[in-house]
Amino acid sequence: LVVAGLIASLGIFIGEGLQLYFGYLSDKGYQKKLLALGIGLTATIPFLSYVENEWLLFICIVCAYIGSGAFHPSGTGLVLEGNSNNKSSLIAFFACGGMVGAASSQIVYTYLYYQFEGQTWFLALPIAFCTLGCAFFAFPRQGLQTQQFKFNQVLQALKPLRYQLTLLYFIHVLLQTVVMAFTFLLPDILEVKGYEKWFCLGGGYFCFIISSVLTSIPIGYCVDKIGYRLVLAAIVVASTAVLYVFLGLDTLSLVPPIFLLLLLGGTMGVFIPVVVAGGIQSVPAHTRGFVSALYMGGTTCLAGFGPILASLLASFFDDQAAVVALQ
């Protein structure tokens, strides 16, 4: 568990940390190339089942996270093109696409892995098609003014908002650390509580993420209407209460954990769109790619140490180690 946590944490730190640089490149007009690169690099994941060496596993994970870091700020920049007054809702809608994939990822990959006896290479084919699609699709062109700003000019434009942006950044790091530790340990938590295998290896994670999908757009609408501060405060309080109820749950019935995971997904699972929406509300247009990258990859790279921290904590306990560590 500790080795897996170390691979995950370092992969996240390196790959998602580069999202800051990719956000800067996105603001300079390289969205299309970054989209194709980002999707293409995730093609390492279908070959994980053929790799046993820890260093090769680490390289595959790093490539996938670098792909994630390249894709998200460029995708966000394209979504926010124009002068829409519903930017928070657009960000939430964009995030939903990724959440749908994340919700089905564990359970689909596990099913295909066992169904085809570890042969998962064919999953690289749709990735290749998507990469070619992004490379040749005629995306809307950005205005030329976005290519004229240098990195120090971006920082200078954000200087008047540095206190607000910095405070929001550290809040998000703390929240994301808990989220990433929770999702990493969730299979172990469900297994130690004695639930069925399908629920431990993807079913529970699906409930958590699919609820995030269903609530992210309404949450984005609420941010547009009442502001991100009240929304963020409400979901922090609600998710904290539900998390401790879930960790203390002692029942073999699937109904209570499914219900609690849905509640957790609808609160703890929507931190990112709320924080990103709050971060870009008052920044200049030519800095949005960088700011969105700051609150996605820039926080995730540090919060990515959540899995290894939680794994190290779990190593000090014997009975229900994953549960106690997360508590």
Side-chain angles (χ1 to χ4, degrees), residues 7-45 58-81 87 91 94-95 98 127 130-131 134-135 139 141-159 161-162 164-166 168-173 176-177 180 271-273 275-280 283-306:
I7 290 174
S9 293
L10 289 178
I12 293 169
F13 177 75
I14 295 171
E16 295 293 334
L18 286 172
Q19 203 170 134
L20 292 170
Y21 179 64
F22 291 134
Y24 170 66
L25 292 180
S26 174
D27 287 330
K28 288 181 68 86
Y30 294 100
Q31 291 100 326
K32 187 174 179 178
K33 294 180 180 179
L34 290 173
L35 286 174
L37 173 67
I39 295 175
L41 285 174
T42 63
T44 58
I45 297 301
F58 174 67
I59 292 172
C60 290
I61 295 297
V62 168
C63 287
Y65 274 113
I66 291 175
S68 172
F71 176 84
H72 285 99
S74 53
T76 304
L78 285 173
V79 168
L80 293 176
E81 276 297 296
K87 292 184 175 63
I91 292 173
F94 174 69
I127 297 176
C130 289
T131 303
C134 281
F139 290 103
R141 292 183 177 274
Q142 273 192 314
L144 293 176
Q145 70 275 10
T146 57
Q147 302 183 31
Q148 297 174 357
F149 291 96
K150 296 181 179 180
F151 184 64
N152 62 335
Q153 292 176 303
V154 172
L155 295 180
Q156 188 66 28
L158 295 175
K159 190 174 182 180
L161 300 168
R162 62 184 181 278
Q164 173 188 332
L165 296 175
T166 302
L168 189 61
Y169 175 82
F170 282 109
I171 291 173
H172 194 204
V173 168
Q176 274 297 100
T177 300
M180 301 198 74
F271 284 141
I272 290 181
V275 173
V276 172
I280 68 165
V283 300
H286 66 277
T287 66
R288 287 174 188 156
F290 176 77
V291 172
S292 63
L294 180 69
Y295 289 124
M296 289 192 291
T299 54
T300 303
C301 69
L302 293 181
F305 287 102

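Residue numbers count from 1 along this sequence.
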Give the table of side-chain donor-acceptor pairs shorter than 3.5 Å for residues 59-67, with sequence neighbours excluded, one pair per line with atom names and distance.
none

Residues which pass side chain to side chain contact (heavy atoms under 4.5 Å, CB included) with Phe13, listed by chain and number, not counting sequence neighbours: Cys301, Leu302, Phe305
Spacing of OG1 belonging to Thr299 relative to CD1 belonging to Ile171, to within rounding of 0.5 Å: 12.0 Å
Where Ala70 and Gly38 come nearest, the two heavy atoms and their spacing: CB-CA, 3.9 Å
Distance, nearest 0.5 Å, that separates CG of Leu41 from CG of Leu37: 4.5 Å
Residues Tyr169, Leu165; criterion side chain to side chain contact (heavy atoms under 4.5 Å, CB included); working and verdict: CA-CA 6 Å; Tyr169 175 82; Leu165 296 175; over 6 Å; no
Sequence-distant partners of Thr177, side chain to side chain contact (heavy atoms under 4.5 Å, CB included), two or more places apart: Val173, Ala303
Nearest non-hydrogen partners of Cys134 and Ile39, listed with the distance: SG-CD1, 3.5 Å
Evaluation steps, side chain to side chain contact (heavy atoms under 4.5 Å, CB included), between Leu34 and Phe71: CA-CA 6 Å; Leu34 290 173; Phe71 176 84; over 6 Å; no
Over all atoms of both residues, closest heavy-atom pair of Gln176 and Phe271: OE1-CB, 4.3 Å
For Ser9, side-chain hydrogen bond (donor to acceptor under 3.5 Å, both in side chains) partners two or more places apart: none
